[in-house]
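Okay, structure first, notes after.
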Amino acid sequence: MDIARPSNVRKKRIRRALYAGAGLLAVVLVSVGLSRLKPAAPTVERAVVWPDTVKRGPMVRQVRGLGILTPEDIRWIPATTQGRVENIILELSNPTLEQQLQDAELKLAAAEAGLANLKVQLQNDLLQARATAANMDGDYKKAEMNAEMKEALAKDKLVSDLELRQAKVDAEQLGVRSRIAQEQLDSKADSMRAQLAVQQSLVDQARAVLVLTRQQRDELKVRAGLDGMLQLVPVEVGQQVAPGTNLARVANPSRLKAEIKIAETQAKDIQIGQKAEVDTRNGVVEGRVARIDPSVINGTRTVDVTMTGELPKGAVPDLSVDGTIELERLNDVLYTGRPAFGQDQSVVGLFKVAPDGVNAERVQVKLGKSSVNTIEILSGLKVGDQVILSDMSAYDAYDRIRLK
């Protein structure tokens, strides 16, 4: 029977401890190594990605939106008087207004007749006053001649002094009466002009009322007042309308503008007068920004573009169009195509394709100003780099991919 020596047992224990420690160390090292290994790069079909190459040169900043063509000249036709719709398009009726028109015609006729009658009366009065003044003047001259004759006879003692004085008194009295008659004649003429002016004002007033009433009657037959096309009639036959009610909308189809809806995030740099292009699907027309709606509706702002070029055939109101507005031209910048999820003045991760054309690694890229299809590169890329612009959100967990 063998008896184990104490020294051998101790050596075995030491070896076992060393083996266990080495094994534990190996496990730790393997775990650390595995944890530091990068995940295998997923394979992406080359046909489903959209690559582009970074370039340097001029870049045109543009914004784009959808819109419609609308007439520049639109006129709402209001009712100018109360009435009832008799016909489309568009005839109103107003019996009260017809009666007012007849009354106005009769009042004008009465005022004109009164003026004519007054003229005759005043003319007769004036003639009578002239006759009276003429008689007085004749009597005065006769009395004056009689006084002169008696004064000559009195020198020869052929008439008495009493008769001479009586003749002079008669002449003076008739002179005064003659001057009064002339003054009355002058006053009669002034009075005649004043009375005729009053009556004439009544005639003018009656005529003005008649003209206004006749105009209101004529406006019952609604007219647009401009050449154009009827677009809307918001009333019905038999409907009562008050003054100011819109009866119809008329537009001139030969002068059209484009109303373009631009996303509010892209509209901040738009200014009046900037160049624009409107695509009608049948031709592209040049234009200028004429108005920018200050309000935001459903995340967009409306930009009016007036046409400077000739509209193509088929351009009619409410036609759907595409509008592109030129914001500015950047002369010498680094740029590439606009990525699917890249906003201006932001930092995004893009996959940069390696020189072998197979591997692609994610890099952080700082973006600058953007356009419809291009965007400025501030840092992270250089000329000639090829980047993937398509939506790569499915690979957010990976920093590398392989193109197949």
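Since the model is a prediction, treat every value here as computed from it, not as a measurement.
Evaluation of the side chain to side chain donor-acceptor pair (under 3.5 Å) rule for T336 yields D52 as partners, not counting sequence neighbours. Not counting sequence neighbours, the partners of D356 by the side chain to side chain contact (heavy atoms under 4.5 Å, CB included) test are A354, V358, N359. Remark: K352 engages no residue in a side chain to side chain donor-acceptor pair (under 3.5 Å) (not counting sequence neighbours). Q274 meets the side chain to side chain contact (heavy atoms under 4.5 Å, CB included) test with I270, Q271, V289, I325, L327; sequence neighbours excluded. In this view, Q62 and V60, T324, S371, V372 satisfy the side chain to side chain contact (heavy atoms under 4.5 Å, CB included) rule, not counting sequence neighbours. D269 meets the salt bridge (Lys or Arg N to Asp or Glu O under 4.0 Å) test with R61; sequence neighbours excluded. Remark: S346 pairs with Q343, V348, L367 by the side chain to side chain contact (heavy atoms under 4.5 Å, CB included) rule, at least two apart or across chains.
Counting non-hydrogen atoms of other residues, nucleotides and ligands closer than 6.0 Å to CD of E328 gives a total above 12. Within 6.0 Å of the CZ atom in R46, the count of heavy atoms belonging to other residues, nucleotides or ligands exceeds 12. More than 12 non-hydrogen atoms from other residues, nucleotides or ligands lie less than 6.0 angstrom from CD of Q345. Sparse packing is recorded around NZ of K107, with 12 or fewer heavy atoms of other residues, nucleotides or ligands lying under 6.0 Å away.
Listed by first and then second residue, the salt bridge (Lys or Arg N to Asp or Glu O under 4.0 Å) pairs that reach into residues 336-351 are K268-D344, sequence neighbours excluded. Listed by first and then second residue, the side chain to side chain donor-acceptor pair (under 3.5 Å) pairs involving residues 110-124 are E112-R207 (not counting sequence neighbours). The salt bridge (Lys or Arg N to Asp or Glu O under 4.0 Å) contacts involving residues 296-309 comprise K257-D304, R291-D304, where partners must be two or more places apart or lie in separate chains.
The CG atom of D137 sits 12.5 Å away from atom OG1 of T132, with the distance rounded to the nearest 0.5 Å. Of the inter-residue distances, the one linking E361 atom CD with I401 atom CD1 reads 11.0 Å to the nearest 0.5 angstrom. Distance CG/L378 to CG/L334: 9.0 Å, rounded to 0.5 Å. For the atom pair CG (L381) and NZ (K55), the distance works out to 12.0 Å, reported to the nearest 0.5 Å. Taking CD1 of I377 as the start and CG of L350 as the end, the distance is 7.0 Å to the nearest 0.5 Å. The structure places OG1 of T308 at 9.5 Å from CD of E277, a figure rounded to the nearest 0.5 Å.
Here the closest non-hydrogen pair linking F351 and R362 is CZ-NH2, 3.3 Å. Heavy-atom minimum distance, G349 versus Q364: CA-NE2, 3.9 Å. Of all the heavy atoms in W50 and S390, the pair that sits closest is N-OG, 3.1 Å. Of all non-hydrogen atoms in I68 and V321, the two that sit nearest each other are N-CG2, 3.9 Å. Taking every heavy atom of both residues into account, P312 and V285 meet most closely at CD-CG2, 3.5 Å. Taking every heavy atom of both residues into account, A315 and L319 meet most closely at CA-CD2, 4.0 Å.
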If you apply the rule side chain to side chain contact (heavy atoms under 4.5 Å, CB included), what do you find for V49 with M392, and how did you get there? CA-CA 8 Å; V49 299; M392 301 298 288; 4.2 Å; yes

Evaluate the side chain to side chain contact (heavy atoms under 4.5 Å, CB included) criterion for residues L101 and R214: first the C-alpha distance (whole Å), next the side-chain angles of each, then the deciding distance (0.1 Å), finally the verdict. CA-CA 6 Å; L101 178 60; R214 186 173 291 160; 3.9 Å; yes

Run the numbers on D318 and V316 for side chain to side chain contact (heavy atoms under 4.5 Å, CB included), then give the verdict. CA-CA 6 Å; D318 297 325; V316 295; over 6 Å; no

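Residues S320 and L66 fail the side-chain proximity criterion, which asks for heavy atoms closer than 4.5 Å. Between L403 and I388 there is a side-chain heavy-atom pair separated by less than 4.5 Å. L69 has its side chain out of reach of P317: every pair of non-hydrogen atoms, C-beta onward, lies at least 4.5 Å apart. Residues Q102 and T213 are not in side-chain contact: their nearest non-hydrogen atoms beyond the backbone lie 4.5 Å or more apart.
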Could you tabulate the donor-acceptor pairs under 3.5 Å formed by side-chain atoms of residues 259-266, not counting sequence neighbours?
residue, atom, partner, partner atom, Å
K261, NZ, T302, OG1, 2.7

Please set out all donor-acceptor pairs under 3.5 angstrom arising from side-chain atoms of residues 192-202, sequence neighbours excluded.
residue, atom, partner, partner atom, Å
R193, NH2, D190, OD1, 2.2
Q195, NE2, S191, OG, 2.9
Q199, NE2, A111, O, 3.2
Q200, NE2, D204, OD1, 3.1
S201, OG, V198, O, 2.5

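Put simply, the side chain of D322 never gets that close to the backbone of R64: no donor and acceptor are under 3.5 Å apart.
A side-chain N or O of D391 and one of S393 form a donor-acceptor pair less than 3.5 Å apart. D293 and S295 form a side-chain donor-acceptor contact under 3.5 Å, judged by distance and modelled atom types alone.
Using a 4.0 Å cut-off between charged side-chain N and carboxylate O, E326 and K275 make no salt bridge.
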